Amino acid sequence: MRVVKCCTCCSSGKYIAATQRADGTWRKPRRVKDGYTPQEEVPVYENKFVKFFKGKPDLPPGMSPSDAAPSKQKIPGCGDADAAGLSKSAKRNMKRKEKRKQQQDVDSVSDAVENVSISESDKYSDKTAVSVSSPSNSSAEADEKAKKIKNLKKKLRQAEDLKHKVDSGEITEPTKDQLEKLLRVKALQDELQQLECDS
């Protein structure tokens, strides 16, 4: 849009010249007041913070652009190069999966070490043979035993806490379930002792 000054003979001021529409018809020229600025020419407002950050250099003071070039070295603990385009939560999930995988590797190795037994192969020879049971079957059984032992210890701890509460007077009248818990303590201790002896 172009604002043009009218002729000097009339005092009508400025006007917007006639323009052609897309369909080929013409718009009439329009008069505008003095000081009118067309919409396209009005500068876009930018607050002081936007202006500051646009004028701010990308690099810290004193750093040259050649120093700022990204290096291709792999930093330990940052994951793969493929992870560069992932979101924070996706990167976090990848790290968790890697930790789980490493933990499983460590567990399988420790189970294999636990299942190593040394026995004399001959009464006449001084050599010893090392036999390793299959870690897949024994590790599953060991995991089940460990879970049972942990569960039994938890139940015993809860029963002891309940007993202390009853003895101290916090619980004056224990419920039926609480009484059953207190009565099962001996059976739980026996079962725990048996599991610990087997492993």
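As the structure is a prediction and not an experimental result, all values here were calculated from the model. In this chain, residues are counted from 1 in sequence order.
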Show the nearest heavy-atom pair for residues [X] and [Y], with the distance to one decimal.
X: Tyr36; Y: Ile16; value: CE2-CD1, 3.9 Å
X: Trp26; Y: Arg21; value: O-NH1, 3.4 Å
X: Val185; Y: Ala159; value: CG2-CB, 3.5 Å

What's the spacing between [X] [atom1] and [Y] [atom2] if we round to 0.5 Å?
X: Lys186; Y: Leu156; atom1: NZ; atom2: CG; answer: 11.0 Å
X: Ile149; Y: Glu191; atom1: CD1; atom2: CD; answer: 10.5 Å
X: Gln193; Y: Glu196; atom1: CD; atom2: CD; answer: 8.0 Å
X: Arg92; Y: Arg96; atom1: CZ; atom2: CZ; answer: 6.0 Å
X: Leu192; Y: Lys153; atom1: CG; atom2: NZ; answer: 6.5 Å
X: Leu179; Y: Glu173; atom1: CG; atom2: CD; answer: 10.5 Å

* Is there a donor-acceptor contact under 3.5 Å linking the side chains of Asp23 and Thr25? -> yes
* Please test Lys54 against Glu46 for side chain to side chain contact (heavy atoms under 4.5 Å, CB included), starting from the C-alpha separation and ending with a verdict. => CA-CA 10 Å; Lys54 279 189 178 179; Glu46 291 181 341; 2.5 Å; yes
* **Audit row: Asp161, Arg157, salt bridge (Lys or Arg N to Asp or Glu O under 4.0 Å) steps and yes/no** => CA-CA 6 Å; Asp161 289 343; Arg157 197 173 35 240; 5.9 Å; no
* Apply side chain to side chain contact (heavy atoms under 4.5 Å, CB included) to Met94 and Lys91, showing your working. => CA-CA 5 Å; Met94 281 182 60; Lys91 288 179 184 177; 5.6 Å; no
* Asked: Is Lys101 salt-bridged to Asp105, going by a charged N under 4.0 Å from an acidic O?
  -> no
